Amino acid sequence: MEKYLAVKKRFEEQEDRENAVKMSRYMRELFPFYGLPTPKRRALYRDFLRQEKKAGRIDWTFLDQCYADGHREFQYLAGDYLRTMQDLLTYEDIPKIRTYIKAKQWWDTIDLFDQVVGLIGLQDSRVDDLMLEWSLDEDFWLRRIAIDHQLGRKEKTNTELLEKILVNNLGSREFFINKAIGWSLRDYSKTDPEWVRDFIRTYGEKMDKLSVREGSKYL
């Protein structure tokens, strides 16, 4: 509790109520904010994350406290914490991470977790099967993570896995799924544009126009 209260005090001291209203409005009034822009927010806990990394142990109790707090900045802190401690994360930690993914869901935190889970997957192939499972989940936010968990992998992208996950989600009417499909294709097109062209040629009739437009951006 001491760590959480120390960070909370810093957030409260730097609260910008006018900006908090704007940030909450941008997120459709789903969450309250302290009104801290990303650079300022991260500066407030940079030293804390450095100390945690030196300690070499993930404090799940602290992360639970971050997720229990109503202010959105604490969920951003949880994501930054996990990225800082990425080298310590293993496949066995994913069920715990999933509890955060399932809580207070919106695209901003979901897009932090796809990086966290994706980097675990680079070290443990069991994540491949798990992402296939998530790609069929009734929770479209889990499906979004499965779709985008390989973002930034470049030549390390498992294209067979990517194709299966994308095909599992074709025909969706969910904006956040169709956007994610487009992003994954657009990102990989920087590495292998011909693979992306072939994918769109093969499945284009089943793809939402948004996915095709986003995926074709750099072709």
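Because the structure is a prediction, the values reported are computed rather than measured.
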Side chain of Glu15, backbone of Arg17: donor and acceptor closer than 3.5 Å?
no
Using ring centroids (six-membered ring only for Trp), state whether Trp107 and Trp141 fall under 6.0 Å.
no
Any ion pair linking Glu12 and Lys9 (charged N to carboxylate O, less than 4.0 Å)?
no
Carefully, step by step, assess Thr84 and Arg50 under the rule side-chain hydrogen bond (donor to acceptor under 3.5 Å, both in side chains).
CA-CA 8 Å; Thr84 298; Arg50 192 178 298 119; over 6 Å; no
Can you tell me how far the CD1 atom of Ile165 sits from the NE2 atom of His149, to the nearest 0.5 Å?
5.0 Å
Between the side chains of Ser24 and Arg72, does any donor sit under 3.5 Å from an acceptor?
no
Could you give the distance from NZ (Lys22) to CG (Asn19), rounded to the nearest 0.5 Å?
6.0 Å
Would you name the heavy atoms of Cys66 and Gln75 that are closest together and state the gap between them?
O-NE2, 3.0 Å
Please check this pair: side chain of Asp93 against backbone of Thr90, looking for a donor-acceptor N/O pair closer than 3.5 Å.
yes
If you take all heavy atoms of Leu185 and Gly215, which pair is closest and at what distance?
CB-CA, 3.8 Å
Got a second to check how far Leu170's CG is from Asp208's CG, nearest 0.5 Å?
10.0 Å
So, are Glu52 and Lys3 salt-bridged, with charged N and O less than 4.0 Å apart?
yes
Set of residues satisfying side chain to side chain donor-acceptor pair (under 3.5 Å) with respect to Tyr218, sequence neighbours excluded
none
May I ask you to say whether Arg144 pairs ionically with Asp111, meaning some side-chain N is under 4.0 Å from a carboxylate O?
yes
Mutual orientation of the aromatic rings belonging to Trp195 and Phe199 [parallel < 30°, tilted 30-60°, perpendicular > 60°]:
parallel
Between atom NZ of Lys156 and atom NZ of Lys154, what is the distance when rounded to the nearest 0.5 Å?
10.5 Å
Ser135 and Asn168: which non-hydrogen atoms are nearest, and at how many Å?
OG-ND2, 2.9 Å
Assess, by modelled atom type and distance only, whether the side chains of Gln150 and Tyr188 contain a donor and an acceptor separated by less than 3.5 Å.
no
Is the gap between the ring centers of Tyr81 and Trp60 under 6.0 Å?
no
Given Leu82, which of Val117, Leu119, Val116 fulfils the side chain to side chain contact (heavy atoms under 4.5 Å, CB included) condition?
Val116
Looking at CG of Asp124 and CG of Leu89, how far apart are the two atoms once the value is rounded to the nearest 0.5 Å?
12.0 Å
I'd like a table of donor-acceptor pairs (distance under 3.5 Å, sequence neighbours excluded) in which one partner is a side-chain atom from residues 31-47, with atom names and distances.
from  : atom 1 : to    : atom 2 : distance (Å)
Tyr34 : OH     : Lys8  : NZ     : 3.0
Tyr34 : OH     : His71 : ND1    : 3.4
Thr38 : OG1    : Arg41 : NH2    : 3.3
Lys40 : NZ     : Gln14 : OE1    : 3.3
Arg41 : NH1    : Tyr45 : OH     : 2.6
Arg41 : NH1    : Asp80 : OD2    : 3.2
Arg42 : NE     : Asp80 : OD2    : 3.0
Arg42 : NH2    : Asp80 : OD1    : 3.1
Tyr45 : OH     : Asp80 : OD2    : 2.5
Asp47 : OD1    : Arg10 : NH1    : 2.8
Asp47 : OD2    : Arg10 : NH2    : 3.3

Calculate, to the nearest 0.5 Å, the distance between atoms CD1 and NZ belonging to Ile101 and Lys96 respectively.
12.5 Å
Criterion ring pair (Phe, Tyr, Trp, His ring centres under 6.0 Å) against Tyr4, the qualifying member of Phe62, Phe74, Phe48, Phe11:
Phe74
Within the distance-only criterion (no hydrogens, no angle test), does the side chain of Asn178 pair as donor or acceptor with the backbone N or O of Lys209 below 3.5 angstrom?
no
When you compare the side chain of Leu219 with that of Ile200, does any pair of heavy atoms fall below 4.5 Å?
yes
Any side-chain heavy-atom pair of Asn158 and Asp128 under 4.5 Å:
yes
Tell me whether Ile147 shares a hydrophobic cluster with Leu151, the cluster being built from Ile, Leu, Val, Met, Phe, Trp, Tyr side chains joined at under 4.5 Å.
no
